Amino acid sequence: MTEPSTIHDIRMRTAVPLTPWASSNVTLLGDAVHTMTPGRGAGANTALRDAALLGHMLVEANQGRKPLVEAIHAYEVEMLRYSTEAIRESKKQMDASDLVHRPIVGRLQLAVTRGVMRIINAVPALKQRAFQQMMRVRGEN
Ligand SMILES: Cc1cc2nc3c(=O)[nH]c(=O)nc-3n(C[C@H](O)[C@H](O)[C@H](O)COP(=O)(O)OP(=O)(O)OC[C@H]3O[C@@H](n4cnc5c(N)ncnc54)[C@H](O)[C@@H]3O)c2cc1C
């Protein structure tokens, strides 16, 4: 029932996994370093996780527990670890060749997915497990 004129296509882009670089007093966070597909709803979550971690590292440097560039490097190594996982997981959930985009099989897959979601919602142990899985990608902190 959506108003057709409000629908438009957008091009999905995703970062590729990076390896740590030589750190300096300039760093990156959020989409600037790890833009990802909306597959897991984790882009903003990951950006906020970066902000929390980088803030923590800057306090470490400010209080003399780590030299500044070493603190930034520690942030970058950890940020690249969890953001790489979020990028991969998000892409897995958003693939144009996925069955869900096929005409008949797609409807079937959607029905099965909804059934499984209802079962997970009704069984506390499964719900807890699904929540933990989701938080692994979205960031526990
Ligand atoms: C349709 C859609 C749905 C989404 N849904 C979710 C979701 O459910 N859950 C989730 O976690 N994430 C979601 N995201 C992702 C999330 O929006 C982004 O990951 C998040 O906004 C990234 O934050 P950021 O601060 O890194 O970048 P941005 O939010 O892009 O902020 C960058 C800012 O810098 C400004 N800027 C750019 N260039 C300059 C310049 N030269 N000078 C000054 N300012 C500049 C921009 O105007 C912008 O305000 C979604 C994204 C989209 C597009």
Side-chain angles (χ1 to χ4, degrees), residues 1-63 65-141:
M1 295 173 72
T2 301
E3 170 56 44
S5 66
T6 65
I7 300 174
H8 64 96
D9 62 330
I10 55 169
R11 186 170 293 200
M12 293 286 169
R13 293 179 191 277
T14 181
V16 292
L18 298 171
T19 46
W21 51 86
S23 300
S24 72
N25 60 349
V26 176
T27 193
L28 294 164
L29 75 165
D31 277 13
V33 63
H34 51 58
T35 189
M36 60 191 79
T37 79
R40 284 273 183 181
N45 286 278
T46 310
L48 290 169
R49 189 174 182 176
D50 297 347
L53 179 61
L54 182 57
H56 174 75
M57 289 303 172
L58 291 177
V59 168
E60 292 281 292
N62 186 47
Q63 296 185 347
R65 285 193 289 272
K66 272 189 173 76
L68 178 63
V69 174
E70 199 179 292
I72 290 175
H73 184 71
Y75 154 73
E76 288 167 350
V77 169
E78 176 61 3
M79 175 273 290
L80 289 175
R81 183 196 63 73
Y82 61 70
S83 65
T84 296
E85 184 182 11
I87 289 168
R88 287 205 181 108
E89 289 294 318
S90 298
K91 192 158 180 273
K92 261 198 242 163
Q93 297 291 313
M94 188 142 287
D95 187 335
S97 62
D98 202 276
L99 281 186
V100 80
H101 302 299
R102 307 250 172 93
I104 295 164
V105 189
R107 303 303 296 176
L108 272 173
Q109 199 207 15
L110 193 60
V112 171
T113 304
R114 285 182 177 152
V116 170
M117 295 301 247
R118 286 198 181 103
I119 293 168
I120 290 173
N121 196 35
V123 181
L126 290 178
K127 201 170 173 176
Q128 179 68 17
R129 209 167 152 197
F131 179 73
Q132 280 165 355
Q133 181 77 5
M134 190 176 81
M135 290 313 284
R136 192 172 56 79
V137 175
R138 291 191 178 176
E140 302 84 357
N141 56 355

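All ligand and atom numbering here is 1-based and tracks the order in the structure. Treat the numbers as computed from the prediction; the structure is a model and nothing was measured.
Counting only heavy atoms, the protein never gets under 4.0 Å from atom 2 (C) of ligand 1. Checking atom 19 (O) of ligand 1 against the protein gives a heavy-atom contact under 4.0 Å. At a distance under 4.0 Å, no protein heavy atom can be found next to atom 52 (C) of ligand 1. By the definition of a contact as any protein heavy atom under 4.0 Å away, atom 40 (C) of ligand 1 is not in contact. For atom 44 (N) of ligand 1, no protein non-hydrogen atom is found at a distance below 4.0 Å. Less than 4.0 angstrom separates atom 22 (C) of ligand 1 from at least one non-hydrogen atom of the protein. Note that atom 33 (C) of ligand 1 has no protein non-hydrogen atoms nearby, at separations under 4.0 angstrom.
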* Would you check, one step at a time, whether the test side-chain contact (heavy atoms from CB on, under 4.5 Å) holds for Leu54 with Leu58? => CA-CA 6 Å; Leu54 182 57; Leu58 291 177; 4.2 Å; yes
* **Derivation of the side chain to side chain donor-acceptor pair (under 3.5 Å) call for Thr37 and Gln93** => CA-CA 8 Å; Thr37 79; Gln93 297 291 313; over 6 Å; no
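Between Arg102 and Ser97 the shortest heavy-atom distance is NH2-O, 3.6 Å.
One distance of note links CD of Glu78 with CG of Asp50; it measures 10.0 Å at 0.5 Å rounding. Atom CG of residue Leu80 and atom CD1 of residue Ile87 lie 8.5 Å apart, to the nearest 0.5 angstrom. A distance of 14.0 Å separates NZ of Lys127 from CD1 of Ile119, quoted to the nearest 0.5 Å.
Taking distance alone, with nitrogen or oxygen atoms compared against 3.5 Å, Ala32 stays at or beyond that limit from ligand 1.
Near Gly43, meaning under 4.0 Å from any of its heavy atoms, are these atoms of ligand 1: 10 (C), 11 (O), 12 (N), 19 (O). Listed by atom number, the atoms of ligand 1 under 4.0 Å from Ala42 heavy atoms are 10 (C), 11 (O). Short contacts between ligand 1 and Gly30, defined as distances under 4.0 Å to a heavy atom of the residue, involve ligand atoms 26 (O).
The shortest separation from a heavy atom of Pro38 to ligand 1 is not under 4.0 Å, leaving the residue out of contact.
Nearest protein heavy-atom contact of atom 25 (O) of ligand 1 is Ala47 CB, 5.0 Å. In terms of protein heavy-atom proximity, atom 26 (O) of ligand 1 is nearest to Asp31 N, 2.8 Å. Scanning the protein heavy atoms around atom 13 (C) of ligand 1, the nearest turns out to be Ala44 N, 4.2 Å. In terms of protein heavy-atom proximity, atom 8 (O) of ligand 1 is nearest to Gly41 CA, 3.9 Å.
Heavy atoms from other residues, nucleotides or ligands lying under 6.0 Å from CD1 of Ile7 number more than 12. Dense packing is recorded around CE of Met94, with more than 12 heavy atoms of other residues, nucleotides or ligands lying under 6.0 Å away. Annotation: Arg65, atom CZ; neighbour count of heavy atoms from other residues, nucleotides and ligands within 6.0 Å is above 12.
Among residues at least two apart or in separate chains, salt bridge (Lys or Arg N to Asp or Glu O under 4.0 Å) pairs with a member in residues 22-42 are Arg40-Glu89.
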